[in-house]
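To start, the structure under review is shown below, and the notes come after it.
Below, read A as the first sequence line, B as the second, and so on, with proteins coming before strands; counting in each chain starts at 1.
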Number of protein chains: 2
Amino acid sequence: MDKKKDISMAVIKRLPKYYRHLAELLRNDVDRVSSKELSEKIGFTASQIRQDFNCFGGFGQQGYGYNVKELYNEISHILGLDKKYSTVIIGAGNIGQALANYSRFDKFGFDLKAIFDVNPKLIGMRIKDVEITDLDQMESFLAENKVDIGIICVPQAQAQKVADLLVDNGVKGIWNFAPLDIQVPENVSIENVHLSESLLTLVYLMNDLDK
Amino acid sequence: MDKKKDISMAVIKRLPKYYRHLAELLRNDVDRVSSKELSEKIGFTASQIRQDFNCFGGFGQQGYGYNVKELYNEISHILGLDKKYSTVIIGAGNIGQALANYSRFDKFGFDLKAIFDVNPKLIGMRIKDVEITDLDQMESFLAENKVDIGIICVPQAQAQKVADLLVDNGVKGIWNFAPLDIQVPENVSIENVHLSESLLTLVYLMNDLDK
DNA sequence: TAGATTGTTAATCGATTAACAATC
DNA sequence: TAGATTGTTAATCGATTAACAATC
């Protein structure tokens, strides 16, 4: 119920970076940080950092800067990391398995509830105590378990169909690794991760430097 | 030796999306496409699409639109996909293995030459005909083999060191999956992929909708 | 030729940076 | 108090959109 203006996507995309760098300062027992110091560390201008924080309210103190712990907590809250999220992975191929095994996400409070696949060779296998289940059973699973986020790791041809099924069964966030842009209704959030596009960007930049 | 102005990063990031959609049109045997049609498919405005293409020269024809095959070839060339790239993966954990297995990249002309790790349990294992080799041997490998791109999948603490080693041995592109921003000299290109940041963005957007 | 659609210039919009008064 | 640094407004910069003449 925050009285929040519309935050631009540019700002939103920077929030996780602030979060990451503040977590690091916290690990290093740094108590306070100025926008100038943060600027040198993150690579945004000090002005931009102050503007960004002020989208959400004044967290700093003139003449002092920002209290690291406090700022970290504020940004955690803004991102919604003071809550837990239940997830399911659909598609237990290379990427699905890698994400299931990736322990980094547990620490943020993400809880992997199930992994689904259609491949009989994979069904029954366990990854980190989570059994790979037949995709046929996903709908009934979603009916019985509240799932916040669906992580789509199936091939392109199946991805939109899987997303529709998730959305129809109450999932409110889709993290998509299939190489297409998944369409969702406007009460559902989507992040499309396009690894190939990132690699192609790198290749462009490499060739650009040769000019 | 193109007479190219400075292309903004916003445009560069859209190029792989054009490439992907044009490849799809090509698969579906579509011969021609107007900026308006492409606009409906990709979700950028027709005006932006024409502006973007005109950064690189006029590929279209008034009254007709764009020839799909021709435009696809142009963008392939702009991205540098008419060349082959040799790659190495450093870190054969979850993500490293997933990327090594991911066949999508082969199709673009990326050729995985080696996989390095420090873990004796992994060394000697094969992924897709590529043997996992002791990281100790990377320097001599790079001396003997031209490698274009190093894909970093090691933990955060080792990532910058690995990047430095790659750069010192002539690698000109770094694709980084470790959760930090790798620093490289300006004659080297870098793409940092931050999966956690993407997930945190999703969570923010989910909470934002609840407001 | 008439209709369609580009290439390109001009107008608008939004995001970043600069500046500085407020204040700790 | 004097020095430092925020919060915030104003100026600048860049990217997107609109418009339309050129032309296929």
Side-chain angles (χ1 to χ4, degrees), chain A residues 2-18 21-22 25 30-75 78 201 204 208, chain B residues 2-18 21-22 25 30-75 78 201 204 208:
Chain A
D2 295 319
K3 62 154 180 50
K4 62 162 57 175
K5 325 119 211 174
D6 266 347
I7 307 297
S8 80
M9 198 46 92
V11 175
I12 295 170
K13 292 274 176 193
R14 284 192 292 266
L15 291 174
K17 285 206 194 291
Y18 291 125
H21 284 273
L22 288 165
L25 289 173
V30 178
D31 286 333
R32 52 174 277 198
V33 69
S34 68
S35 57
K36 183 152 176 294
E37 287 161 341
L38 209 46
S39 156
E40 281 152 16
K41 185 167 162 57
I42 307 199
F44 309 150
T45 65
S47 193
Q48 180 166 67
I49 290 170
R50 292 202 300 280
Q51 287 272 25
D52 283 356
F53 292 166
N54 276 85
C55 293
F56 303 97
F59 304 143
Q61 192 171 306
Q62 279 106 325
Y64 174 88
Y66 300 87
N67 177 293
V68 173
K69 178 75 188 156
E70 203 179 300
L71 186 57
Y72 172 83
N73 286 340
E74 287 287 357
I75 293 189
I78 291 164
T201 302
Y204 175 89
D208 200 33
Chain B
D2 296 320
K3 61 156 177 68
K4 62 162 57 174
K5 325 118 210 175
D6 266 348
I7 308 297
S8 80
M9 198 45 93
V11 175
I12 294 169
K13 292 275 176 192
R14 284 193 292 267
L15 291 175
K17 286 206 193 293
Y18 292 125
H21 284 273
L22 287 165
L25 289 175
V30 178
D31 285 333
R32 52 175 275 195
V33 69
S34 68
S35 57
K36 182 153 175 289
E37 288 161 340
L38 209 46
S39 156
E40 280 151 18
K41 185 168 163 56
I42 306 198
F44 310 150
T45 64
S47 193
Q48 180 166 68
I49 291 170
R50 292 202 301 278
Q51 286 273 23
D52 284 355
F53 292 166
N54 275 86
C55 293
F56 302 97
F59 304 144
Q61 193 169 305
Q62 280 107 324
Y64 173 88
Y66 300 87
N67 178 293
V68 172
K69 178 74 189 159
E70 203 180 299
L71 187 55
Y72 173 83
N73 286 340
E74 287 288 357
I75 293 189
I78 292 164
T201 301
Y204 174 90
D208 199 34

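Contact between the side-chain N/O atoms of Tyr66(B) and the OP1/OP2 oxygens of dG7(C) is found at a separation under 4.0 Å. Using a 4.0 Å cut-off, no side-chain N or O of Thr45(A) falls inside it from OP1 or OP2 of dT16(C). Considering only side-chain N and O atoms, Arg50(B) lies nowhere under 4.0 angstrom from the phosphate OP1 or OP2 of dG7(C). Distances shown here put a side-chain N or O of Gln48(A) below 4.0 Å from the OP1 or OP2 atom of dT16(C). Phosphate proximity of dT6(D) to Gln61(A): absent, as no side-chain N or O sits under 4.0 Å from OP1 or OP2. A sub-4.0 Å separation between OP1 or OP2 of dA4(C) and a side-chain N or O of Arg32(B) is absent. Distances shown here put every side-chain N or O of Ser35(A) at or beyond 4.0 Å from the OP1 or OP2 atom of dT5(D).
Side chain of Ser39(B) to backbone of Phe44(B): a donor-acceptor contact under 3.5 angstrom is found. Remark: side-chain polar atoms of Arg50(A) are not paired, donor with acceptor, to backbone N or O of Ser35(A) under 3.5 angstrom.
Protein atom CD of Glu70(B) is 13 Å distant from nucleotide atom P of dT6(C), rounded to whole Å. When the P atom of dG7(C) is taken as reference, atom CD1 of Ile49(B) falls 12 Å away, rounded to whole Å. Whole-Å rounding puts the Ile12(B) CD1 to dG14(D) P distance at 15 Å. Atom P of nucleotide dA15(C) and atom CZ of Phe44(A) are separated by 15 Å, given to the nearest angstrom. Distance CG (Leu71(A)) to C1' (dG7(D)): 14 Å, rounded to an integer number of Å. Between the CG atom of Asp52(B) and the C1' atom of dT17(D) there is a distance of 12 Å, given to the nearest Å. Rounded to whole Å, the distance from NZ on Lys13(A) to P on dT16(C) is 14 Å. Residue Arg14(A) contributes atom CZ, which lies 12 Å from atom C1' of dT17(C) at whole-angstrom precision.
The partner of dA22(C) is dT5(D), by the rule that a Watson-Crick or G-U pair needs both atom distances under 3.5 Å. dG14(C) is paired with dC13(D) under the Watson-Crick or G-U wobble criterion, all donor-acceptor distances under 3.5 Å.
Comparing dC24(C), dT17(C), dA18(D) by their closest approach to the side chain of Gln62(A) singles out dC24(C). With distances taken from any side-chain atom of Asn54(A) to the nucleotides dA18(D), dT8(D), dT5(D), the minimum falls on dT8(D). When each of dA18(C), dT16(D), dT16(C) is scored by its nearest atom to the side-chain atoms of Ser47(A), the top-ranked nucleotide is dA18(C).
Between Lys36(A) and Glu40(A) there is a salt bridge, since a side-chain N of the basic residue sits under 4.0 Å from a carboxylate O of the acidic one.
Looking at Phe53(B) and Tyr18(B), their side chains come closer than 4.5 Å, going by heavy atoms from C-beta outward. Looking only at side-chain heavy atoms (C-beta outward), Leu25(B) and Leu38(B) come within less than 4.5 Å of each other.
When the nearest nucleotides of DNA chain C are assigned to Gln51(A) and Gly63(A) by heavy-atom distance, the more 5′-ward of the two goes with Gln51(A).
For the pair Arg32(B) and Tyr66(B), the cation-pi criterion (under 6.0 Å, within 45° of the ring axis) is not fulfilled.
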